[in-house]
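In what follows, chains carry the letters A, B, and so on, assigned in the order in which the sequence lines appear, proteins first and then strands, with residues in each chain numbered from 1. Keep in mind that this is a model prediction, so the values were computed, not measured.
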2 protein chains.
Amino acid sequence: METGPAETRWLDPAERDAWLRLVAVVELLPGILDAQLRGSSGLTHFEYFVLAMLSEAPDRTLRMTTLAQRTNATLPRLSHVVRRLEDRGLVVRVPCPEDGRATNAHLTDAGWDAVVAAAPGHVETVRSHVLDPLTREQLDQLRDIGDALLTTLDPEGRMTALFE
Amino acid sequence: METGPAETRWLDPAERDAWLRLVAVVELLPGILDAQLRGSSGLTHFEYFVLAMLSEAPDRTLRMTTLAQRTNATLPRLSHVVRRLEDRGLVVRVPCPEDGRATNAHLTDAGWDAVVAAAPGHVETVRSHVLDPLTREQLDQLRDIGDALLTTLDPEGRMTALFE
DNA sequence: GCCGATTAGTTGACGGAACAACCAAAGCCT
DNA sequence: AGGCTTTGGTTGTTCCGTCAACTAATCGGC
């Protein structure tokens, strides 16, 4: 007779195989991306991602909250990062005219140059470490798996604004 | 005529689709795992993983170097983490008898209890956020994709000792 | 039009991770 | 056997991320 919470359903071999590999990838990939970008541009992958989002935005400008959603950052984290980027002259913060509470982050010319300089090396790393080892079929499978996972990992679809 | 380095091959739409989703997953998953474990057991996912590796090892003991490989940690990182776990009584460090340079990390009974207590909630999180959204077919695809990626992300197969 | 509630963002303190410098034990070479 | 090299770990500094507390501005009800 069960008295406490339901028995744990442990992972069967197929589940365990998939899960362990996903954990390994999740653990290894950030380090690879950070190392390459830090070495060649002095940017964190997260900093690069922030700059890249701004570079694709209209007028190279986004509200802090929007930028936080697109990069999956908390607002405090983004605030600190943007301050550091501002210290380096890659971004400026401008009070939003329409809403006195809001702040707009705007990519400077120097920031644009930094993204343009960093992009080729970054793309090359993504190719050699992630895309090239996969077949075309696996690429499609990965997209669908990513969609399925993001349904639960990001139910509000905050980060998926990029590709939806 | 090309003079500088080769032109960058930018990502085509299929590549971009897959890549952006993978980045999102890699960015989101660690936070989910950490939050659940920290809330229910006061353990980081990495700390949990360290304890779990020890719990499966013969005599619940592993050399620091081996443990670092299995968890994809640098030795300094692992050293700090193990010291904190030792402060909490979950692990003890014992000088290795066969090699005076080496240190063995051994899971205490309290550490074993901590893993056993934390495991069900962790597995439940893995199920609800990762495994359940995927079809059985996608589970197999994910395993193969993981294998392909780990070939380049972890060429020495240090982390794959778990399932190879 | 004013007051509470919500939203937007910043700041400061604390904890964890990377990197570099360091120490100690073992292996090796002659 | 003595000295160089390599291997195994630890320690300290610095940087980044999280959490909690706080400020400022907008909104909503009356």
Does anything in residues 81-99 of chain A form a side chain to side chain donor-acceptor pair (under 3.5 Å)? List the pairs, not counting sequence neighbours. A:Glu47-A:Arg88, A:Glu86-A:Arg93, A:Asp99-A:Arg101
Under the 6.0 Å and 45° cation-pi test, does A:Arg70 pair with A:Phe49? no
Could you check A:Ala35 against A:Asn104 and say which one's nearest nucleotide on DNA chain C is further toward the 5' end?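 It is A:Asn104, whose closest nucleotide lies nearer the 5' terminus.
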Indicate yes or no: does A:Glu15 engage B:Arg143 in a salt bridge with an N to O separation below 4.0 Å. no
N-O pairing of A:Asp12 and B:Arg136 below 4.0 Å: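 The answer is yes: the pair qualifies as a salt bridge.
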Per-nucleotide protein contact string for nucleotides 21-27 of chain C (B base, S sugar-phosphate only, - none; heavy atom under 4.0 Å): ----BS-
Heavy-atom closest pair, residues B:Val123 and A:Trp10: CG2-CZ3, 3.6 Å
Angle between ring planes, B:His122 versus B:Tyr48, binned at 30° and 60°: parallel, tilted or perpendicular?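 Ring orientation of B:His122 relative to B:Tyr48: tilted.
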Over how many whole Å does the gap from [X] atom [atom1] to [N] atom [atom2] extend?
X: B:Asn72; N: C:dA17; atom1: CG; atom2: C1'; answer: 13 Å
X: B:His45; N: C:dA17; atom1: NE2; atom2: P; answer: 13 Å
X: B:Glu47; N: C:dG15; atom1: CD; atom2: P; answer: 13 Å

Pairs in or reaching into residues 65-118 of chain B: which pass ring-ring contact (aromatic ring centres under 6.0 Å, His included), with residues at least two apart or in two chains?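 Listed by first then second residue: nothing to list.
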Please list residues of residues 77-96 of chain A whose heavy atoms come under 4.0 Å from any atom in DNA chain D, ordered by number; otherwise none.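 Those residues whose heavy atoms fall under 4.0 Å from DNA chain D, taken from residues 77-96 of chain A in numerical order, are A:Arg77, A:His80, A:Val81, A:Arg84.
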Listed partners of B:Asp140 passing side-chain hydrogen bond (donor to acceptor under 3.5 Å, both in side chains), at least two apart: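 None.
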So, B:Ser41 side chain and B:Ala118 main chain: donor-acceptor pair closer than 3.5 Å or not? no
Tell me, yes or no, whether the heavy-atom count around B:Asp109 atom CG, taken from other residues, nucleotides or ligands under 6.0 Å, exceeds 12.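 It does not: B:Asp109 CG has 12 such atoms or fewer within range.
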Where chain B begins and ends its contact with DNA chain D, read 5' to 3' at 4.0 Å from heavy atoms: D:dT7 to D:dG12
